[in-house]
Structure formats: structure tokens, C-alpha cells
Amino acid sequence: MTQATPTPLTDANPLRVGLRMERSPQPCAMVIFGVTGDLAHRKLVPALWALNEAQQLPPGFSIVGIGRRPMSDDDLRQQVRAVLAEESRADTAMLDAFLEGVFYVRGTFEDQTTYQRLAARLEQIDHDRGTGGNRVFYLATPPSEFPTIIEQLGAARLVRHHDEEGGWTRVVIEKPFGRDLRSARELNRIVHRVFDESQVYRIDHYLGKETVQNILHFRFANAIWEPIWNRRYVDHVQITVAEDIGIGTRAGYYEEAGVVRDMLANHMLQLLTLTAMEPPIAFDANAVRDEKVKVLRGARPFDRERVLREAVRGQYGPGWIGGERVPGYRQEPNVAPDSPTPTYVAATFWIDTWRWEGVPFYLRSGKRLPKRVTEIAIQFKPVPKLLFGPTTPNVLAFRIQPDEGITLQFEAKIPGPAVRQRSVTMDFRYGTAFAVAPADAYQRLLLDVMLGDGTLFARSDEIEAAWALVGPLLETWEALPPSDFPNYAAGTWGPDAADQMLETTGRRWRRP
Ligand code: BG6
């Protein structure tokens with residue numbers, strides 16, 4: 001099964017080389033639609049700056065912001081400077097040079113002339129800064145704008161295909177990608193009328209997290225786990241994405257999305273697929289994504305009866321977090337006083353494959369839980385015969401955030417003459433082992449886009465398989481408005497029904 005001689009890292013094998021070595025992208029311009037928005041300020045600009053500081057941006061790299069507000073290049077540069085002022089200890093010369101590459105084009109996304117002005121600006125930048133016709137279009141707008149922008153980019157002939165001369169074009173699309181299977185398919189159709197799939201980067205920032213990528217290294221760069229990574233040894237898997245924050249000022253978005261669309265349909269399914277997938281034939285974009293899609297296709301569909309038995313939704317009421325009184329979801333600004341939007345989900349997934357038949361994957365995520373913690377815990381089956389009395393199960397836990405690391409829990413003899421044991425842990429901590437803070441997820445993902453590496457992005461069939469899986473869950477719940485919301489207090493671990501869902505199988509949620 002394993003190869004004795006590793007495949008050499010050669011230029012003939014660029015992805016393998018690329019993913020392992022320092023990489024530098026070709027000169028390019030990044031066009032950000034929605035440059036004055038929250039995402040651009042909170043994530044994109046700081047990530048680009050971090051790449052700049054790490055000297056990973058190509059020479060001549062340029063940012064072109066597009067927005068409706070009347071602003072000049074200098075106004076946008078001031079905004080970028082202000083965003084970076086909080087973060088950066090950079091010397092001013094470096095910042096000034098970075099800002100020289102920042103430009104602004106004013107216009108609405110529906111207006112053809114916006115794209116004509118954009119095209120002229122990009123040509124000028126190619127000429128002045130040597131960006132060679134290479135473009136990344138970043139759609140950091142509300143999703144309702146995606147179709148218009150994509151169609152207009154196509155109509156304005158701003159998209160070059162790989163077989164054309166004169167530079168490459170890529171598009172980055174933020175989540176949520178559709179709100180159900182039908183709308184995701186429709187959006188994929190629109191995207192594919194203009195872009196080839198290889199030009200499309202659907203972002204899920206969980207895949208940019210170092211600890212998430214480490215799941216693949218842990219599984220496929222070590223021979224010792226593979227023999228036990230299956231139904232013979234694994235009792236069940238728990239995937240928890242707990243957040244202590246509420247929804248802040250995002251009610252407009254969250255009322256439409258809810259936790260299933262916001263977390264389960266994307267971030268959590270990514271964690272599930274990386275944990276459950278078969279070894280890919282190579283570490284490249286299509287090989288990895290082929291295996292992830294197979295997990296989603298192998299997942300047992302949710303029918304109504306299964307939703308009622310094996311899924312739980314919740315919404316937080318008022319409570320206490322970190323000693324502070326916090327409002328319930330329905331009391332948050334701009335939330336309907338009788339909102340049925342779930343802020344908590346727990347669901348049982350079954351992957352009906354040879355590897356996983358009969359092993360439940362319990363996924364849960366919620367806002368306003370007692371703390372922020374993301375972990376994947378693999379719980380192993382008990383020993384067949386208890387020689388020394390009762391045991392605590394062996395658990396391998398990936399701590400995705402915070403305190404990034406991996407722990408293995410096993411039984412050990414308590415020193416002394418008595419035959420007694422208790423559970424102890426072996427602990428790997430990223431911070432201690434590598435002594436570097438992990439880079440922000442967007443930093444890694446933006447670099448991958450510029451390098452043309454789509455491994456850590458969702459492919460169209462993956463998105464559709466994810467919606468096909470969670471769609472019936474959403475439909476069932478939307479057809480049956482909840483009668484018990486709010487059903488958990490802020491600062492608690494979610495509704496009682498979620499505990500019962502596991503207790504009926506003789507299991508319990510971890511309290512990470
Ligand atoms: C976003 C969701 O995609 O992920 C947010 O829209 C959520 O609701 C966030 O808070 C969580 O990301 P992270 O990186 O803080 O775990």
C-alpha cells in the first residue's frame with residue numbers, strides 16, 4: 001500500500017514541489033469588490049499586509065478596490081493605512097511602498113461602465129507596475145451581488161482563459177455559496193458560463209487554518225494511524241465548533257443563514273471530510289477534492305424521520321458569559337422577536353462506506369456556548385476484556401483552536417502496589433513544538449490563489465454534494481417551526497435534547 005521510494009520532488013511534479021517549498025507567485029493585481037466592507041477590512045487587507053511583511057507578495061503586486069462610494073486612490077490608501085495602523089509595527093517606507101500599489105475604481109456593480117473603467121485601470125497598472133495581465137477578482141460582497149459581478153466581468157471581456165496569451169484570471173468567491181442545492185447549482189452554472197472550474201476559488205477559511213491542514217499530515221504522513229482509522233477500532237467521532245460570541249452586528253446576514261448555513265454546511269463538513277476521507281493518490285487539488293467529495297456522497301441522507309431522531313436545533317436565550325450578562329438571540333439588534341433562526345445544531349452523520357459503516361460522527365456547533373473551542377475527537381472502542389477494572393475510553397483529540405495541538409488519552413497504572421489505573425494524556429502543542437504563531441487562514445489562502453493552487457478550496461461538485469446532504473435537514477426544520485426557542489441559556493452547552501441524542505446511544509458529549 002505504501003511506496004518504499006518517495007516520489008522525487010522535481011519540476012516535472014510542480015504541485016508536490018510547490019506545496020512543500022517556499023513559493024512565490026507571479027506579479028498580479030487583486031481586484032476587490034466590496035473593498036470598503038467588513039471582510040476586506042478585517043481579513044483581506046491584514047492578510048495581504050502579512051504576506052507583504054513575509055515578502056511573499058510578488059513584485060508590482062497591486063490592489064484595485066471597487067465600490068460605490070465616491071473616493072480617490074488616496075482615500076482608499078488612507079483607509080488601508082488606518083486598518084493597518086492597529087496591527088502593524090512596520091517601517092513606514094515598507095508601508096508607503098505597499099500603498100503605492102493601492103487603487104480605487106468607483107462604480108456600481110450593475111453598471112457596464114464600471115468594468116470599462118476597471119479594464120482601463122488594470123491595463124495602466126500592467127504597464128506601470130508590470131503585473132502582466134494576471135488578475136485575481138475577489139468577490140467580498142453580499143452573495144446577492146455575485147451573479148451580477150461574474151456576468152459583468154464576462155461581458156466586459158475581463159476574463160482570460162488558461163489557453164489564451166496575456167496573463168491569467170482567477171476568481172475568489174466567499175461563502176455562503178448558495179443557500180440550498182438549487183441556488184448553489186444555479187450559481188455554479190453562472191460561474192461556469194464565464195470561468196473554467198480551474199479558475200474558481202470558493203473560499204472556506206477553515207481550510208486555511210494550519211491545524212486543519214495538519215489533519216492530512218497527521219493521517220497521511222504517519223503510518224501508525226491508518227490501521228486503526230476505521231470501524232474496527234473507532235467507536236465514534238465528535239466534531240465541536242463552539243463559539244462564545246453571539247451574532248454581534250450581523251443579524252441581517254445571520255437571520256437568513258442560521259447555524260446550518262453559516263457553520264454546518266461548510267466549515268464543519270470540511271472537518272468531517274478531512275477526518276473521514278480515504279488517502280488521496282497525490283497531494284494535489286483534484287486528488288484531495290475527489291476524496292472529500294466521496295465522503296459527502298457516502299454520507300447517509302437525512303430524511304424527516306432521521307432529522308427528528310438524530311438532529312437537534314437550538315437558539316440561545318439570555319445568560320451569562322465570562323461573568324457578563326448577555327442578551328438572548330431574539331433580543332439582539334435587528335433580530336425578529338419571534339425569530340425561528342437556529343444558533344445551535346447537533347446532528348449525527350453516518351458515512352456508509354467500508355471504512356466507516358456503523359461509526360457515528362456527531363457534529364455540533366453553536367453561538368454563545370461557554371467558550372470558544374474547535375476540536376475533533378476520535379473515541380476508540382474499549383478493550384475486549386477488563387483486566388484491571390473499568391477504563392476510560394482512548395481519545396485522540398485534534399484541538400483546532402485555541403491552544404492548537406493534539407492529545408492522546410490513554411490508561412496508565414497509578415504508581416504503588418495496588419492494581420489501579422487512570423486516564424492520562426500525551427500532549428502535542430503547536431506553540432511549544434514550533435514556537436511560531438500560526439499564520440491567519442486568509443494569508444495562506446490568498447497566497448494559494450496567487451499561486452494557482454486550489455487544493456484548499458471547494459470544488460463545484462463538493463459544494464453541491466454538501467448542499468445535497470444538509471438540504472433535507474434545512475427543509476425539514478423550515479417546514480416545522482420550532483416551538484421551544486429559546487431552548488438554551490447563553491453560557492451553557494446547548495439544549496438538553498442534544499445531550500439526550502447521545503445519551504440514548506450510551507455516549508456523552510465531551511466538555512472540552
Ligand atoms: C464564519 C462565520 O465563517 O466563521 C461566523 O460566518 C463564525 O459566524 C466564524 O463566527 C468562525 O470562524 P473562526 O475562524 O473564528 O472559527
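Everything quoted here is computed from the prediction, not taken from an experiment. Order of listing sets the numbers, starting from 1, for every ligand and every atom in it.
Residues satisfying the side-chain hydrogen bond (donor to acceptor under 3.5 Å, both in side chains) test with E464, not counting sequence neighbours, are N188. Judged as a side chain to side chain contact (heavy atoms under 4.5 Å, CB included), and not counting sequence neighbours, the contacts of L308 are R304, L480. Taking F398 as the reference, F218 meet the ring pair (Phe, Tyr, Trp, His ring centres under 6.0 Å) condition, with sequence neighbours excluded.
Between R511 and E375 no salt bridge is recorded (no basic side-chain N to carboxylate O distance below 4.0 Å).
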Pairs under 3.5 Å, N/O atoms on ligand 1 and on the protein: can you put them in a table with the distances?
from     : atom 1 : to   : atom 2 : distance (Å)
ligand 1 : 3 (O)  : K175 : NZ     : 2.7
ligand 1 : 3 (O)  : H267 : NE2    : 2.7
ligand 1 : 4 (O)  : H267 : NE2    : 3.4
ligand 1 : 6 (O)  : K175 : NZ     : 3.0
ligand 1 : 6 (O)  : R250 : NH2    : 2.8
ligand 1 : 6 (O)  : D262 : OD1    : 2.6
ligand 1 : 8 (O)  : R250 : NH1    : 2.9
ligand 1 : 8 (O)  : D262 : OD2    : 2.6
ligand 1 : 8 (O)  : K367 : NZ     : 2.7
ligand 1 : 10 (O) : E243 : OE1    : 3.4
ligand 1 : 10 (O) : E243 : OE2    : 2.5
ligand 1 : 10 (O) : K367 : NZ     : 3.1
ligand 1 : 12 (O) : H205 : NE2    : 3.1
ligand 1 : 14 (O) : H205 : NE2    : 2.8
ligand 1 : 14 (O) : K209 : NZ     : 2.6
ligand 1 : 15 (O) : R372 : NH2    : 3.2
ligand 1 : 16 (O) : Y206 : OH     : 2.5
ligand 1 : 16 (O) : Q401 : NE2    : 2.6

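The aromatic rings of W356 and F361 stand perpendicular to each other, their planes meeting at an angle above 60°, with 30° marking the opposite boundary.
When the shell of 6.0 Å around CZ of R68 is examined, it contains more than 12 heavy atoms from other residues, nucleotides or ligands.
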